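What you see is a predicted model; the values in this text were computed from it and never measured. All residue numbers in this chain count up from 1 along the given sequence.
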Amino acid sequence: MSVEIRELTEDDRRASDALSHEAFGAPRTDRDPEPRPLPPGRHRVGAFADGRLVAKLSAAEYTSFWGGAELPTAGIGGVTVAVEHRRGGLLRGLFEAGLAPARENGVAVSTLYPTAPAIYRRLGYEVVTDLITVRVPTSSLATLAVPDSVRLRRATEADLPAVRAVYRAWAEGHNGPLSRTGPAFGASDAEVLAEFSGITLAEVDGVCVGYCSFDRGTGYGPEATVEVSDLVATTGEGYLALLASLGSHASVVGNIDLRTSGSDVVRLLHRTSHWQVVSRNPYMLAVLDVPAALSGRRWLPVERTLGFGVEDEAVHGYRLTLDGLGGGVCEQVPLTFDMPVLTRRGLAARYAGSQSCASLRAAGHLRGDDRQDPWLDALFTGEAHVLDYF
């Protein structure tokens with residue numbers, strides 16, 4: 001069998017759509033009179049066996065926030081292998097081809113949503129958080145009141161820049177959220193507004209301090225739901241006002257389905273223990289370029305030098321030098337005997353703050369000298385959060 005891996009073109013769209021239908025149950029669009037145009041901001045590659053498309057993936061051009069800094073990110077999606085070619089070793093070559101432009105351009109990290117995490121762990125990815133949907137009874141929010149200082153109103157197109165500013169302020173304070181900028185997020189203000197039943201703004205003295213984007217769904221009664229895509233605020237009063245606005249549906253809607261991740265601040269403000277997880281999508285991270293990923297993020301304002309190794313096909317040494325002002329520079333150096341060594345998966349987990357050094361050592365993803373473990377734990381802080389599925 002002859003296998004060729006190459007970039008996909010518009011001429012491959014029907015075959016690509018047919019493969020998506022086979023793998024994910026996506027609608028059969030490959031039979032439409034005119035194939036759908038390819039979305040922007042994505043690099044697509046496919047594996048062809050004897051001229052037939054049998055595997056594919058796309059790498060989207062994103063940026064995401066890590067350690068308070070915005071880093072170029074390759075978002076992998078649409079990974080699909082035909083039934084007859086699964087477990088045939090095609091993925092490694094596909095990922096190498098799909099990520100080649102990202103590596104050439106110094107992209108620091110790559111992320112994806114797996115259906116089977118074990119497949120991607122072989123490629124250096126590790127689960128660092130989950131995108132979840134939680135169900136909260138509307139009645140549990142009905143007792144909340146809008147703070148006197150907050151005004152609620154429906155967003156218009158003119159408000160979308162303020163909505164984006166609130167989202168960015170929230171995202172900068174967490175590890176993992178996409179910046180929602182760049183070619184893959186090219187929707188106009190009108191198009192963004194049209195995606196939802198509405199976007200509710202929370203304002204204080206005319207300044208937007210939070211927003212809630214929601215879909216009303218159909219029907220009414222105990223089984224009816226309001227689906228919330230974003231519930232984001234920069235102040236506690238903003239969150240309380242938006243939660244109260246959702247509680248106002250209590251007479252006609254039984255539940256609020258909220259998309260969230262990590263330890264959402266909403267749990268600090270929600271008065272009851274009702275918080276039922278109804279769906280969960282793991283989110284995986286791989287560090288593509290160690291110096292770029294560590295030099296690009298912000299750090300605690302301490303002066304410190306740390307040496308460590310990262311094991312891939314070989315073990316490479318790195319030195320991270322912190323300047324005491326929140327900046328740092330990472331460079332590749334010769335490996336020395338006193339350097340702790342992380343696997344690629346271990347580095348991803350520690351980079352995202354999702355696993356401690358003790359846990360990584362127990363799982364075999366960190367070995368060697370342990371004297372720097374307290375620093376590795378202290379410096380890579382912050383739970384990962386995501387709100388966008390791709």
Side-chain angles (χ1 to χ4, degrees), residues 5-10 12-13 16-17 20 24 26 35-47 55-80 91-114 120 123-125 128-129 131 160-161 164-165 167-168 170-172 174-189 191-192 195 229-230 261 281 283-297 348 351-352 384-390:
I5 296 178
R6 63 167 173 82
E7 187 167 354
L8 297 180
T9 68
E10 288 284 355
D12 302 308
R13 185 62 193 222
S16 176
D17 287 353
S20 293
F24 304 118
R36 295 177 298 115
L38 293 169
R42 288 167 173 80
H43 173 64
R44 301 162 190 82
V45 296
K56 67 184 181 83
L57 63 76
S58 67
E61 301 171 16
Y62 295 137
T63 60
S64 57
F65 288 96
W66 296 94
E70 191 174 348
L71 298 182
T73 303
I76 300 297
V79 181
T80 311
L91 280 186
R92 187 170 294 276
L94 265 183
F95 269 76
E96 288 175 357
L99 290 173
R103 293 184 186 277
E104 292 170 3
N105 293 325
V107 173
V109 297
S110 176
T111 58
L112 57 82
Y113 285 98
Y120 304 103
L123 303 172
Y125 290 83
V128 295
T129 191
L131 177 64
L160 266 293
R164 291 189 172 96
Y167 172 81
R168 186 177 182 87
W170 172 85
E172 286 179 338
H174 295 88
N175 281 333
L178 300 185
S179 68
R180 296 182 177 174
T181 59
F185 284 91
S188 67
D189 291 346
E191 290 170 330
V192 171
E195 291 179 12
S229 296
D230 281 3
S261 62
N281 293 283
Y283 192 61
M284 301 187 87
L285 167 75
V287 177
L288 300 182
D289 187 321
V290 177
L294 273 69
S295 299
R297 65 183 288 166
Y351 188 84
H385 290 259
V386 287
L387 286 180
D388 294 289
Y389 187 84
F390 54 84

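Heavy-atom minimum distance, A292 versus G106: CB-O, 4.1 Å. The shortest non-hydrogen separation linking A47 to I5 is CB-CG1, 4.0 Å.
E96 and R92 are not joined by a salt bridge, as no carboxylate oxygen comes within less than 4.0 angstrom of a charged side-chain nitrogen. Ion pairing between R180 and D388 holds under the 4.0 Å rule for side-chain N and carboxylate O. Ion pairing between a basic and an acidic side chain is recognised when a charged N comes within 4.0 Å of a carboxylate O; R44 and E10 show no such pairing. Looking at R6 and D12, a side-chain N of the basic residue comes within less than 4.0 Å of a carboxylate O on the acidic one, giving a salt bridge.
Between the side chain of H385 and the main chain of S261, a donor-acceptor pair closer than 3.5 Å is present.
Between the CG atom in L91 and the CG atom in L123 there is a gap of 6.5 Å [rounded to 0.5 Å]. The structure places CE of M284 at 10.5 Å from OG of S110, a figure rounded to the nearest 0.5 Å. Going from atom CG of L8 over to atom CZ of R42 covers 13.5 Å, rounded to the nearest 0.5 Å. Summarising the geometry, atom CG belonging to L387 is positioned 5.5 Å from atom CG belonging to D230; distances are rounded to the nearest 0.5 Å. Between atom CG of residue L71 and atom OH of residue Y351 there is a gap of 4.5 Å, rounded to the nearest 0.5 Å.
For the pair R297 and F65, the cation does not sit on the ring face, since its NZ or CZ is not both under 6.0 Å from the ring centre and inside 45° of the axis.
Side-chain contact, S179 with Y62: no donor N or O sits under 3.5 Å from an acceptor N or O.
Taking the six-membered ring where tryptophan is involved, the planes of Y125 and Y120 are perpendicular, since the angle between them exceeds 60° and thus also 30°.
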